[in-house]
Amino acid sequence: MATMAFRDVSKVFGTGARARVVLEECSFEVTRGKLNVLIGPSGCGKTTTVNLLAGYERATRGDVTLDGQPVHGPSWTRLVVFQETALFPWMTVLDNVTFGPTVRGMMARRAARDQALSLLEKVGLKDFAGRYPAHLSGGMQRRAELARAIINDPRVMLMDEPFRGLDAITRQLMQEYVLRLFEESRCTSLFVTSELEEAIFLADRLIILTNRPTRVKKIMEVDLPRPRSYQVLASPRYLALKEEALDALHEEALQAFAAGSTGAYDLVDAYRRRAGND
């Protein structure tokens with residue numbers, strides 16, 4: 001049974017001649033206990049999809065549900081790790097991580113502190129617990145935000161391209177942190193990315209979106225073994241999955257690129273490079 005479901009969801013911004021259809025009769029499930037990954041051309045509506053799941057936006061038509069109940073607004077049951085840091089700059093890393101459970105009365109301050117320190121140790125930040133966000137690198141801020149989300153024990157974790165803007169090495173390290181934390185917690189997750197290699201490396205299920213107006217083009221089960229390491233990137237199964245996903249993404253990326261979405265270039269370029277090697 002799915003934890004979250006999109007049922008024939010459409011989202012339109014504006015009215016009349018200025019109406020802009022972003023999602024159109026879009027349907028998919030965020031499967032319980034799985035790391036679901038959403039990928040599509042830049043500008044296709046991935047962030048809008050996250051906002052609908054989080055309850056920050058309301059669907060124009062269709063249903064967004066959590067365990068069969070309609071999503072009407074934001075809730076701690078569905079926490080978001082954003083593209084940009086959302087840490088409180090006036091709080092230390094430790095205070096940021098303990099803020100949610102202490103304010104909600106979820107646990108006593110001492111228990112929250114102990115659990116926060118344990119999580120910070122897992123993400124390599126225990127020695128930085130007393131620092132402020134401004135004193136951390138981008139990768140460290142991402143790790144602190146993951147710890148802050150996990151300590152709240154959400155039913156669904158939503159991650160909206162959280163590694164955008166990080167350098168390649170830091171991004172790779174962050175992918176490893178996400179995998180390690182997910183494989184320990186098995187928290188139902190939806191991870192949004194525009195990077196195909198990242199998507200397949202992380203995913204249990206890959207949800208491929210079309211160009212705008214957006215629908216689901218294909219859903220792939222990623223049957224790579226867990227626990228997962230970067231050695232899997234050289235496996236025949238990984239390469240076969242990448243080929244299958246590229247075939248689905250190629251036409252959509254070309255349409256987005258032709259419409260002026262330069263973020264789709266990487267997908268188009270990857271396809272061309274692959275075709276040149278065939």
Side-chain angles (χ1 to χ4, degrees), residues 1-11 22-23 26-40 45-88 96-107 112 115-116 119 123 141-164 177-179 181-193 199 202-207 209 214 216 219:
M1 175 182 177
T3 294
M4 296 205 73
F6 247 43
R7 298 290 184 222
D8 298 320
V9 171
S10 297
K11 180 62 179 178
V22 178
L23 303 177
C26 186
S27 298
F28 64 88
E29 296 178 343
V30 179
T31 304
R32 187 189 305 279
K34 301 290 186 181
L35 209 170
N36 305 262
V37 175
L38 195 72
I39 188 169
K46 297 187 292 296
T47 293
T48 297
T49 300
V50 171
N51 287 339
L52 288 164
L53 290 165
Y56 301 144
E57 297 276 359
R58 296 289 295 272
T60 306
R61 292 182 297 276
D63 300 304
V64 182
T65 60
L66 172 61
D67 288 337
Q69 299 301 310
V71 170
H72 290 308
S75 167
W76 65 266
T77 61
R78 306 176 311 280
L79 293 182
V80 183
V81 178
F82 298 97
Q83 294 177 13
E84 304 295 334
T85 183
L87 296 171
F88 299 129
N96 264 283
V97 176
T98 60
F99 179 78
T102 53
V103 166
R104 288 171 44 217
M106 175 181 168
M107 61 180 74
Q115 188 169 339
L119 282 168
V123 298
Q141 291 179 8
R142 302 285 88 182
R143 282 183 266 162
E145 292 192 74
L146 286 172
R148 186 172 70 168
I150 289 170
I151 198 172
N152 284 279
D153 193 25
R155 288 159 69 184
V156 181
M157 176 104 64
L158 305 168
M159 292 170 276
D160 183 16
E161 298 198 64
F163 307 152
R164 174 180 283 186
Y177 278 116
V178 165
L179 278 182
L181 292 170
F182 169 75
E183 287 163 359
E184 288 182 4
S185 68
R186 292 289 172 170
C187 175
T188 302
S189 302
L190 182 76
F191 187 101
V192 175
T193 182
L202 295 176
D204 290 311
R205 296 174 71 249
L206 187 62
I207 303 164
L209 301 180
T214 301
V216 173
I219 295 178

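A distance of 5.5 Å separates OG1 of Thr85 from CZ of Arg142, quoted to the nearest 0.5 Å. For the atom pair CE (Met4) and CG (Leu53), the distance works out to 4.5 Å, reported to the nearest 0.5 Å. The distance from the CG atom of Leu79 to the CG atom of Leu146 is 11.5 Å, given to the nearest 0.5 Å. In this structure, Leu66 CG and Arg78 CZ are separated by 6.0 Å, a value rounded to the nearest 0.5 Å. With rounding to the nearest 0.5 Å, the separation of CG in Asp63 from OG in Ser27 is 9.5 Å. Once rounded to the nearest 0.5 Å, the distance linking OG1 of Thr60 with CG of Leu52 reads 8.0 Å.
Remark: Glu184 CD is packed, more than 12 non-hydrogen atoms of other residues, nucleotides or ligands lying under 6.0 Å away. Within 6.0 Å of the NZ atom in Lys46, the count of heavy atoms belonging to other residues, nucleotides or ligands exceeds 12.
By the 4.5 Å heavy-atom criterion applied to side chains, Asn152 and Arg104 are counted as neighbours.
The side chain to side chain donor-acceptor pair (under 3.5 Å) test with Glu29 is passed by exactly one of Arg7, Arg205, Lys34: Arg7. Here the rule is side chain to side chain contact (heavy atoms under 4.5 Å, CB included) with Thr3, and of Thr31, Val30, Asp67 only Asp67 fits it.
Taking all atoms of both residues into account, the shortest heavy-atom contact from Leu35 to Leu202 is CD1-O, 3.6 Å. Residue Leu38 comes nearest to Thr49 through the heavy atom pair CD2-CG2, 3.9 Å, listed as atom of the first residue, atom of the second, then distance. The minimum heavy-atom distance linking Ala144 with Leu87 is given by the pair CB-CD1, 4.0 Å. Nearest heavy-atom pair across Gly45 and Thr214 is N-OG1, 4.3 Å. Listed here is the closest heavy atom pair of Ile150 and Met157: CG1-CE, 3.4 Å. The minimum heavy-atom distance linking Ala112 with Thr102 is given by the pair CB-CG2, 3.7 Å.
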Practice item. List the steps, then state whether side chain to side chain contact (heavy atoms under 4.5 Å, CB included) holds for Arg164 with Glu84. Key: CA-CA 8 Å; Arg164 174 180 283 186; Glu84 304 295 334; 5.7 Å; no
Check your understanding: Should Ile207 and Ile39 be marked as a side chain to side chain contact (heavy atoms under 4.5 Å, CB included) after you check the CA-CA gap, both sets of side-chain angles, and the distance that decides it?
Key -> CA-CA 6 Å; Ile207 303 164; Ile39 188 169; over 6 Å; no
Point to revise | Verdict with supporting geometry, Phe28 and Asn36, side chain to side chain contact (heavy atoms under 4.5 Å, CB included) | key: CA-CA 11 Å; Phe28 64 88; Asn36 305 262; over 6 Å; no
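Between Phe99 and Phe88, the ring planes are perpendicular. Angles over 60° get that label, and only those under 30° would be called parallel.
Residues Phe191 and Phe163 place their aromatic rings such that the two centres sit under 6.0 Å apart.
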